[in-house]
Amino acid sequence: MEPMLTVEEARARVLAHVQPLQAEAAPLTAALGRVVAQDVVAQESLPPFANSAMDGYALRAADTAAASAAAPTQLRLAGEVPAGRVYAGEVGAGEAVRILTGAPTPAGADAVIQQELVTVADGLVTLTEPVNVGVNVRAAGGDARVGTTLVRAGVELGPAEIALLAALGAHPVLVTRRPKVAIVTTGDELAPLGVALRPGQIHESNTTYLLAAIQRAGGDPWPLGIVHDRLEDLEAALARAQEADLILTSGGVSVGDYDLVKQVLTRDGDMAFWRVRMRPGKPVAFGMLGTTPLLGLPGNPVSAAITFELFGRPAIRRMLGAAQVERPQIEVVYEGEDIPMGDRRHFVRARLATRGATLVARSTGAQDSHLISSLQGATALLVIPEGEGAIHAGDLVPALLLNDALPWGEW
Ligand code: AMP
Ligand code: MG
């Protein structure tokens, strides 16, 4: 039998089997969280024309060079330009034009004096100080020039990127199609959501977990329901599931009579691995069923969640063409009881907090793979390496950040 893979080896095999999906146009109004499929290059300048940063008077700076409180300069008020209009004429020598914020600076003018600094009477604008060239004029292209790369391929669009693209008229935007991710859950003991339990049954929770986690990863979940622990039922469900971009199964991959997912993958597909040297989640399988990658997650809810996090999410991110496929890893100071090391890498659910300038981590509590409560509130996975000895309080430990934003705050 093949030796058990490390997490890195297993993830490399998963990623070797998935590619970015095609691009599609998305309106900017529905682009939050989508991944940009190709570099977006500015086709326009931003601002598109030089314009006023103030409500005031557009003028020729040279005309004001001699202005002082003792000897004010007077300019003839020649007209007005509000935002959204273009001044028809040119500002001539000795002239000023009333201008409002955002209006294009008229031809001839090279500065704007704000209205609070002048007095206006009888068609004359009186200044008591000189104005330098360029003052209160926002340059065309100051924010972005034609040809500038606005957003690189692989970037996930947030409100700021969306605003920038909107301001440059880059609408709609080409994003990678969301992968359709089939969820097939196995287990005779599982009652679907909202259905009362019969003796010996438990409420099914992996499908609902995966529905949420797939969406958060950027995928489009496709739940296919609960399948009984019978080969024909599983085969039928997997036949449908092959239309998806990725199949996730839950349960039926450990060593036992009902390891049906593994059987189907071995017999009808091409299995790349079925065990990984990790805790929780050792019995995780991956392979191709026809042309569709299939990730067989263990049934235990925590194992399913952690193996999705370490293999399923990166697969989805790769399909999205995301620049960052894996979670960011940082080092944190461990607080709490000793954690013994073993022959499998241990992913400890933890909460992070700050102690001054230091990030510290504490376990969420008991870590058994059936305890869903150990996932709750976890903002990081501590990565306890394979080895001998133990992790002690005060040790620096690598941690995978589970949230996009750092969870600053108290316990
Ligand atoms: P299995 O991997 O199928 O042997 O399941 C391992 C453990 O996880 C058993 O205690 C199952 O009852 C439980 N389990 C399996 N699938 C689910 C599920 N979808 N929701 C909640 N618990 C599950
Ligand atoms: Mg089962």
Side-chain angles (χ1 to χ4, degrees), residues 4-5 10 181-217 219 221-238 240-241 244 246-267 269 271 273-287 289 294-313 344 346-347 349 364-376 378:
M4 242 192 280
L5 299 183
V181 184
I183 308 169
V184 175
T185 309
T186 69
D188 285 339
E189 75 280 27
L190 304 173
L193 266 190
V195 173
L197 298 180
R198 293 198 313 267
Q201 280 195 317
I202 59 170
H203 294 294
E204 197 284 325
S205 63
N206 287 350
T207 303
T208 37
Y209 176 86
L210 290 170
L211 258 170
I214 290 165
Q215 288 181 71
R216 206 165 248 189
W222 182 30
L224 290 173
I226 298 169
V227 171
H228 285 290
D229 288 319
R230 283 186 21 217
L231 203 52
E232 310 82 76
D233 289 10
L234 181 63
E235 282 167 336
L238 290 180
R240 274 187 77 198
L246 172 67
I247 304 171
L248 298 181
T249 61
S250 137
V253 281
S254 54
V255 184
D257 289 342
Y258 301 112
D259 306 334
L260 303 175
V261 172
K262 213 175 91 216
Q263 283 182 41
V264 175
L265 199 52
T266 315
R267 200 194 56 198
M271 190 152 75
F273 64 80
W274 70 275
R275 288 184 318 161
V276 178
R277 219 183 309 147
M278 62 183 283
R279 208 175 120 202
K282 177 176 78 170
V284 53
F286 178 79
L289 199 59
L294 183 155
L295 179 63
L297 308 176
N300 268 311
V302 176
S303 309
I306 301 301
T307 49
F308 173 80
E309 177 59 43
L310 294 178
F311 306 112
R313 184 178 181 278
R344 289 188 275 150
H346 189 181
F347 293 91
R349 282 75 73 202
T364 53
Q367 297 282 307
D368 309 61
S369 59
H370 65 291
L371 299 175
I372 301 177
S373 53
S374 73
L375 292 167
Q376 203 196 355

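We count ligands from 1, going down the list as the structure has it; atoms in each ligand are counted the same way.
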Specify the protein heavy atom at minimum distance from atom 6 (C) of ligand 1: its residue, its atom name, and the distance to 0.1 Å. Asn300 N, 3.6 Å
Return the residue, atom name and 0.1 Å-rounded distance of the protein heavy atom closest to atom 4 (O) of ligand 1. Ser254 OG, 3.7 Å
the protein heavy atom lying closest to atom 9 (C) of ligand 1 turns out to be Glu189 OE2, 4.1 Å
Side chain to side chain donor-acceptor pair (under 3.5 Å) evaluation trace for Asn300 with His370: CA-CA 5 Å; Asn300 268 311; His370 65 291; 5.6 Å; no
Going by distance alone, is a donor N or O of one side chain under 3.5 Å from an acceptor N or O of the other, for His228 and Asp233? no
When Val253, Leu310, Leu295, Leu5 are each screened for side chain to side chain contact (heavy atoms under 4.5 Å, CB included) with Val284, the one that passes is Leu295
Just to check, does Ser250 reach to within less than 4.0 Å of ligand 1 when the distance is taken from its heavy atoms? yes
Among side-chain atoms of Ser374 and Arg349, is any donor-acceptor pair under 3.5 angstrom? yes
Shortest protein contact, atom 20 (N) of ligand 1 (heavy atom only): Ser205 N, 3.0 Å
Considering only non-hydrogen protein atoms, determine which one is nearest to atom 19 (N) of ligand 1 and report residue, atom name and distance to 0.1 Å. Glu204 OE2, 2.7 Å
If you count the atoms of ligand 1 from 1 in the order shown, which ones are under 4.0 Å from a heavy atom of Thr185? 19 (N)
Just by distance, with hydrogens left out, do Thr185 and Thr207 show a side-chain donor and acceptor under 3.5 Å apart? yes
min-distance protein heavy atom vs atom 22 (N) of ligand 1 -> Ile202 CD1, 3.5 Å
Among all protein heavy atoms in this structure, tell me which lies nearest to atom 5 (O) of ligand 1, with the distance rounded to 0.1 Å. Gly299 CA, 3.7 Å
Could you state the interatomic distance from CG (Asn206) to CD1 (Ile183), rounded to the nearest 0.5 Å? 10.0 Å
Hey, what do you get for CD (Gln376) to OG1 (Thr364), rounding to the nearest 0.5 Å? 9.5 Å
Is ligand 1 under 4.0 Å from a heavy atom in the side chain of Leu190, in the backbone, in both, or in neither? side chain
Which heavy atom of the protein is the closest neighbour of atom 18 (C) of ligand 1, given with residue, atom name and distance? Asn206 ND2, 3.4 Å
Please report the closest heavy-atom contact between Ala304 and Leu297, naming both atoms and the distance. O-CD1, 3.9 Å
Counting heavy atoms only, which part of Pro283 comes closer than 4.0 Å to ligand 1: side chain, backbone, both or neither? neither
